[in-house]
Amino acid sequence: MIKQNIIKTILKIKWYGRVVLTKIGIKRKYKMSDSYIMLSFTHKLPDYQKSYHFYDRFLPHFVQYLTSGSTVVDVGANVGDTLAGMVGKKNDLEYICIEAAPEYYKALIDNLSYLKLQFPNLKVHTVNKLVGKEIDNVKLEVFKNYEGSMRATPGGNIRSHTLDRILSDNGINTNNISLIKTDVDGYDYDVIKSAQDTISKNPPLYFECFYTNEEQLNGYKNLFFDLKSKGYKKFSLFDNFGHYICTVQNIEEINDLLNYIYRQNFYDQTTTISYYDVLAFSDKSNKLIKKVIEDYVAS
């Protein structure tokens, strides 16, 4: 017990030291796959990747299989950590990074400048807007005291913009999109709902399926139903540690999996995982995705 208390005290002291470094604006250089970015000392990504081998590793793996010159859409780009991971593995794609939070967007721009020093021919569009259709007039708040994450809450003056409109305004050819990734802490279903024209082409979608209330749960259930009607036949699920779980296509099975997380989070049951990341794809991507996942699991 004494030894455990000593360890806890040491960890607290180290954390306070990291807080101080963050407050005075000092950042650390961090390697993402085969590239580098700058992160604040209180950004938790390095801690998670040190503890969990597959954490945030799938997308850098996935983009290696995409056609050179095609476009990857990154909604909820944060400080550019996902971008850096993808660029380190595939820098001849066109990327569009969309981030609503001003402080994260500034860090994204800074990291993009740093990435362009490493990859001079890198092509990236950046947009500082909130993406959505029905989620509107919100404010952004740090989620669960984790600096690397913000979520939208009602009662603000931030307006949303549809993903279809943002892509059009930035001259993105939606026929050339090879992947759409979204991670906006609870409202990814609304982001995808705002991209009806774009998803009609059935590019693979990689989204976080995270919900804190029944409204969000139903939002995701409706999303899966809608995606099925638009040609997305299969859904590969990953846990919040980055491990591949399974690929399903039956709506009832999907709802069972969603309810499994819901019961844990809202009825004080033992927690195993907190949310899913989901890769949705159509028949035209079936062969590609099968290869991607087989190689990922074996890595």
Side-chain angles (χ1 to χ4, degrees), residues 58-59 62 65-67 70-76 96 98 130-136 152 160-169 172-239 244-263 275-293:
F58 180 71
L59 290 177
F62 186 21
Y65 300 78
L66 301 180
T67 303
S70 63
T71 303
V72 172
V73 180
D74 182 359
V75 181
I96 176 165
I98 308 169
L130 178 75
V131 183
K133 183 177 181 180
E134 297 176 0
I135 307 303
D136 200 7
S160 63
H161 306 262
T162 68
L163 184 55
D164 281 336
R165 181 61 183 269
I166 289 173
L167 296 176
S168 175
D169 288 348
I172 300 299
N173 178 2
T174 55
N175 291 312
N176 197 45
I177 292 175
S178 55
L179 172 66
I180 297 176
K181 165 262 177 181
T182 171
D183 180 354
V184 298
D185 292 314
Y187 294 106
D188 298 80
Y189 63 89
D190 194 57
V191 169
I192 297 171
K193 188 184 295 185
S194 79
Q196 294 300 298
D197 290 342
T198 303
I199 66 173
S200 68
K201 281 90 171 180
N202 288 156
L205 308 174
Y206 187 79
F207 59 93
E208 185 183 72
C209 188
F210 172 81
Y211 36 94
T212 59
N213 55 56
E214 194 166 356
E215 179 184 356
Q216 291 174 329
L217 170 63
N218 290 331
Y220 285 107
K221 287 183 176 181
N222 292 333
L223 171 64
F224 281 105
F225 184 84
D226 187 51
L227 290 177
K228 287 282 287 186
S229 70
K230 288 181 168 54
Y232 287 89
K233 301 297 185 181
K234 293 184 179 180
F235 305 89
S236 296
L237 276 66
F238 302 77
D239 66 23
Y244 170 69
I245 301 173
C246 62
T247 297
V248 295
Q249 52 187 334
N250 182 280
I251 287 293
E252 290 183 1
E253 292 176 349
I254 293 168
N255 286 340
D256 284 343
L257 287 164
L258 295 178
N259 290 334
Y260 167 70
I261 296 293
Y262 182 80
R263 289 193 300 270
Y275 60 85
Y276 302 111
D277 284 321
V278 179
L279 178 64
F281 55 98
S282 65
D283 285 340
K284 70 178 182 180
S285 300
N286 189 61
K287 185 176 180 180
L288 169 68
I289 301 301
K290 183 178 180 180
K291 173 64 174 171
V292 168
I293 292 178

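- A donor-acceptor pair under 3.5 Å links the side-chain atoms of D190 to the main chain of E134, judged by distance alone.
- Judged by distance alone, with hydrogens and angles left aside, the side-chain atoms of T198 form no donor-acceptor pair with the main-chain N or O of D164 at under 3.5 Å.
- No donor-acceptor distance shorter than 3.5 angstrom exists from the side chain of K201 to the backbone of N176, with no hydrogens or angles considered.
- A tilted orientation is assigned to the rings of Y211 and Y220, their planes being inclined by 30° to 60°.
- Between N259 and K221, the side chains place a donor N or O and an acceptor N or O closer than 3.5 Å (distance only, hydrogens not considered).
- Between I172 and I177, the closest side-chain pair of non-hydrogen atoms falls below 4.5 Å.
- Ring orientation note: the planes of F207 and F224 are tilted relative to one another, at an angle of 30° to 60°.
- A donor-acceptor pair is defined here as one N or O able to donate and one able to accept, closer than 3.5 Å; no such pair exists between the side chain of D239 and the backbone of I245.
- Other residues, nucleotides and ligands contribute only 12 or fewer heavy atoms inside 6.0 Å of the NZ atom of K233.
- Between atom OG of residue S70 and atom CG of residue N175 there is a gap of 12.5 Å, rounded to the nearest 0.5 Å.
- A salt bridge links K181 with D74: at least one charged nitrogen is closer than 4.0 Å to a carboxylate oxygen.
- Atom NZ of K230 sits in a crowded spot, with more than 12 heavy atoms from other residues, nucleotides or ligands closer than 6.0 Å.
- In this structure, the side chain to side chain donor-acceptor pair (under 3.5 Å) partners of T182, at least two apart in sequence or on a different chain, are D188.
- Considering only heavy atoms from C-beta on, S160 stays 4.5 Å or farther from I135 through its side chain.
- D226 and S229 make their closest contact through O-OG, 2.6 Å (heavy atoms, listed as atom of the first residue, atom of the second, distance).
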Considering only distance and modelled atom types, tabulate donor-acceptor pairs under 3.5 Å from the side chains of residues 276-283, sequence neighbours left out.
from, atom 1, to, atom 2, distance (Å)
Y276, OH, L257, O, 2.8

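- With rounding to the nearest 0.5 Å, the separation of CG in N202 from CG in L227 is 9.0 Å.
- Note: L237 CG to I261 CD1 = 9.5 Å, rounded to the nearest 0.5 Å.
- Here the shortest heavy-atom pairing between I192 and Q196 reads O-NE2, 3.5 Å.
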Checklist entry - Please walk me through it: do D185 and E208 pass side chain to side chain contact (heavy atoms under 4.5 Å, CB included)? => result CA-CA 7 Å; D185 292 314; E208 185 183 72; 3.4 Å; yes
Next on the checklist: Before you tell me yes or no, could you show the steps for N173 and T71 under side chain to side chain contact (heavy atoms under 4.5 Å, CB included), namely the whole-Å CA-CA distance, both residues' side-chain angles and the distance that decides it to 0.1 Å?
Outcome noted: CA-CA 8 Å; N173 178 2; T71 303; over 6 Å; no
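- To the nearest 0.5 Å, atom NZ of residue K234 and atom CD1 of residue I289 are 10.5 Å apart.
- A 4.5 Å side-chain heavy-atom check between V75 and L163 finds at least one atom pair inside the cut-off.
- Summarising the geometry, atom CD belonging to E215 is positioned 6.0 Å from atom OH belonging to Y187; distances are rounded to the nearest 0.5 Å.
- Contact annotation: the side chain of V72 approaches that of S178 to within less than 4.5 Å [non-hydrogen atoms, C-beta and beyond].
- The one candidate from Y65, Y206, Y244 that meets the ring-ring contact (aromatic ring centres under 6.0 Å, His included) condition with F58 is Y206.
- Listed by chain and residue number, T212 satisfy the side chain to side chain donor-acceptor pair (under 3.5 Å) test with Q216 (two or more places apart in sequence, or in another chain).
- The closest donor-acceptor contact from the side chain of T162 to the backbone of R165 lies under 3.5 Å.
- Interatomic distance, T247 OG1 to I293 CD1, rounded to the nearest 0.5 Å: 4.5 Å.
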